[in-house]
Amino acid sequence: MAKYRNAHGGNLRASDIGNEVHLAGWIARRRDHGGVVFLDLRDASGHVQVVLNPDDAPASEEVMRRLRNEFCIMVKGVVRPRLEGTVNPDMPTGEVEVGGTSLEVLSTADTLPFQVDERFDADEGRRLQYRYLDLRRDRMADNLRSRSTAIRAMRHVLDDLDFLEVETPTLVVSTPEGARDMLVPSRLRPGQFYALPQSPQLFKQLLMVAGVERYYQVARCYRDEDFRSDRQVEFTQLDLEGSFWDQDDVLDTLQAIVTRVVKDVRGIDIPHPIPRMTYADAIARYGTDKPDVRFGMEIVDLGEVFASSEFRAFAATLADGGTVRGINAGDQGLSRAGFDKLVAQAQDLGAKGLVWMVVEEDGSLRSPVAKFLSEAELSGIAATMDGKPGDALLIVADEVAKAAAVLGELRLSLGRPDNHDDLEFLFVVDFPVFERTAEGGFVAAHHPFTAPLDVAEMRNSPETAVSRSYDMVLNGAELGSGSVRIHDPELQSQVFEILGVSADEAQARFGWFLEALRYGTPPHAGFAIGVDRFVSILQNEQNIREVMPFPKTQTGADPLTGAPGVVADTQLEELGIDVRAEVRAAWSDTTSDS
RNA sequence: GGGGGCGUGGUGAAGUCUGGAGUUCACGCCGGCCUGUCAAGCCGGAGGUCGCGGGUUCAAAUCCCGUCGCUCCCGCCA
């Protein structure tokens, strides 16, 4: 006989009526009528109503009155149907209640720093400071459970496909590429540092060289960059890689994984196959490499309409190699002031301006610039953009990339659903090898181990060269990315050269890896899914902190434990580290408040 | 590095624009009444240096400057 309980309250149903149960859990709510006392008892399975009636003397009157929210208690009682008219249809256990026959307080609770009750949304700093209480909330408990369900689903699929789960080191060597590394000083080699991995990238490729063939890992990754609602300094990826694999093998596997995850977490089947879109298409139609395809409002090219326009703003842009594009934002019910705000927003985004038009009942276009446009142009706009009465047409004339980006942003702010009730997956393929920097130069869009589609193209026309890399997008969020890797050391050398990394430099940084490629490396490809982002979308959360048990604040602090913290001078001495005087001085200045 | 929002009893908010007694609301807490509620109800009570520092003013939660914290965004995130 278990010491504390023989049942979980949240699981009790009408079929359990008559059973004597021993329950343990927390008092989520209490309703003390002076005589009878109702408790909503919460455990990991959910809630159930416990009734303590003094006539049945489940406990001394004194103990019953002393009960408070969040006390941890043990109750024995009998499952019984609720009285006529007192069934609670809002609770899964609402048909039954437990008539208490004995009660024991296992642990009392001080007055809480905030109410666990779902109806009150406490300040997030406070929630993080008392995360162990925050996690008692149904919403957070549900998020934790769903996260576990999602990861379990991933493991099921990959185990069924004969993947090997392999752990890779979290103390690795720092490389200057990519995100800023999180560093860990070495005591045995004072003055030297490990880095925490940004991803297990090179290790998983080594596993391919090692003959693992099918690898996955639920891997903690670290990137020391600024926080966002979807970015934390440490986060979790489902990392996977396969030998003798090409892009289709990866995408098929990903489809199987996310299908199972959505099924297990949401209980629904996503449509197959997950659609694919090229990067070029995504930019042209949605102005972003991670389109939210839950709604239309696609970007339309108006270049032909204005091919011989006399409207100078448009004509000059086209003559300079720019573009004129627009979106039909639909009937937004915007006033003049509303459109002025959109113009300001477009300018904040870097556009020179924004032309707006409204389709009138008779199909004509009302716009501040209508008088500068010919009849043919006006009707061409309405036709090309499929304008219906009431529709707001928004047009940007600018450099191609700028126009796409601005319209993409406007599209999101005007049309994006504010929840994740619908799920639209998308694979974006054929990413470019390079992306343009703000200064007009080129920089590698991916890590240097990504295979180009054609190395000659990569060398000769960097602006259009395509790489064998791909992203998975869900509801406009980048869920992850991957690529076919370079497995030929000769090709790898050429790619480094084109990327501007000298042979000596490549040797110095990655010599150990380049050498590995020389011992019979199989063709391989892989991917990594951002678990936190995925789960947050499935759980309809706006912020990945809500699906992380102990996240950090935007400034990288943990209000619960106080991390990061100052360490003892003796610790620093062992590491050979001196903290600069002005930094030390700042330690004592951090007069914290509240 | 830059821009925006927020900080008021234990909790959440209103009050701040337009300065005039720590005022208000809900929850929680304490005490009393109450045997079928499920946000239980009714009555009473306690509890705040308005994040912190400085300035303006006869007078500051309110205006100004600085600072700390939380948050959203741009940059950044191969």
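In what follows, chains are A, B, ... by sequence order, proteins preceding strands, each numbered from 1.
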Peer 1: Decide, applying a 5.5 Å centre-distance limit and a 30° plane-angle limit (both strict), whether Phe114(A) stacks on U11(B).
Peer 2: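 Here Phe114(A) fails the 5.5 Å or the 30° condition.
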Peer 1: Give me the distance, rounded to whole Å, that separates C65(B) from U49(B) when you measure between the P atoms they each carry.
Peer 2: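 These two P atoms come out 27 Å apart once rounded.
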Peer 1: Which residues satisfy the side chain to side chain donor-acceptor pair (under 3.5 Å) test with Glu95(A), sequence neighbours excluded?
Peer 2: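 Per chain and number, Glu95(A) pairs via side chain to side chain donor-acceptor pair (under 3.5 Å) with no residue.
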Peer 1: Strictly by salt bridge (Lys or Arg N to Asp or Glu O under 4.0 Å), give each pair with a member in residues 70-79 of chain A just once, sequence neighbours left out.
Peer 2: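 Matches after skipping sequence neighbours: Arg42(A)-Glu70(A), Glu70(A)-Arg136(A).
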Peer 1: With respect to the phosphate group of C74(B), does any side-chain polar atom (N or O) of Arg228(A) fall under 4.0 Å of OP1 or OP2?
Peer 2: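 Yes, because at least one side-chain N or O of Arg228(A) sits under 4.0 Å from OP1 or OP2 of C74(B).
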Peer 1: Measure distances between side-chain N and O atoms of Asn543(A) and base N and O atoms of U71(B), and say whether any donor-acceptor pair falls under 3.5 Å.
Peer 2: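 There is none.
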Peer 1: Please report the C-alpha distance between Thr168(A) and Gln217(A) in whole Å, then the side-chain angles of each, then the deciding distance to 0.1 Å, and finally whether the side chain to side chain donor-acceptor pair (under 3.5 Å) criterion is met.
Peer 2: CA-CA 8 Å; Thr168(A) 55; Gln217(A) 179 178 196; 3.0 Å; yes
Peer 1: For G22(B) and G9(B), measure between their C1' atoms and round to the nearest Å.
Peer 2: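 Straight-line distance between the two C1' atoms is 10 Å.
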Peer 1: What heavy-atom pair brings Gly556(A) and Phe227(A) nearest, and what distance separates the two atoms?
Peer 2: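 Scanning both residues, the minimum pair turns out to be CA-CZ, 3.6 Å.
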Peer 1: RNA chain B: Ala445(A) or Asp40(A), which has the more 5' nearest nucleotide?
Peer 2: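 With Ala445(A) and Asp40(A) compared, the 5'-side residue is Asp40(A).
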Peer 1: Using the six-membered base ring of G41(B), report whether His33(A) stacks on it, requiring centroids under 5.5 Å and planes under 30° apart.
Peer 2: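 According to the criterion (under 5.5 Å, under 30°), no, His33(A) does not stack.
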Peer 1: Among residues at least two apart in sequence or on other chains, which ones pass salt bridge (Lys or Arg N to Asp or Glu O under 4.0 Å) with Arg65(A)?
Peer 2: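 Per chain and number, Arg65(A) pairs via salt bridge (Lys or Arg N to Asp or Glu O under 4.0 Å) with Asp32(A), Glu61(A).
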Peer 1: I'd like to check the salt bridge (Lys or Arg N to Asp or Glu O under 4.0 Å) partners of Glu478(A); sequence neighbours left out, ordered by chain and number.
Peer 2: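 Listed in chain order: nothing, the list is empty.
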Peer 1: Tell me which of Arg545(A) and Gly178(A) sits closer to the 5' end of RNA chain B, going by the nucleotide each one is nearest to.
Peer 2: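 Whichever sits nearer the 5' end wins; that is Arg545(A).
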Peer 1: Just the table, please: protein N/O against nucleotides 12-16 of chain B N/O, every pair under 3.5 Å.
Peer 2:
from	atom 1	to	atom 2	distance (Å)
G12(B)	OP1	Asp123(A)	N	3.0

Peer 1: Can you list, by residue number, the residues of residues 61-80 of chain A that have a non-hydrogen atom closer than 4.0 angstrom to RNA chain B?
Peer 2: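 Residues of residues 61-80 of chain A under 4.0 Å from RNA chain B: Arg68(A), Arg80(A).
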Peer 1: I'd like the P distance from C52(B) over to G10(B), given in whole Å.
Peer 2: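 12 Å, rounded to whole Å.
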Peer 1: Phosphate oxygens OP1/OP2 of C73(B): is one of them under 4.0 Å from a side-chain N or O of Ser229(A)?
Peer 2: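 For C73(B), OP1 or OP2 has a side-chain N or O of Ser229(A) closer than 4.0 Å.
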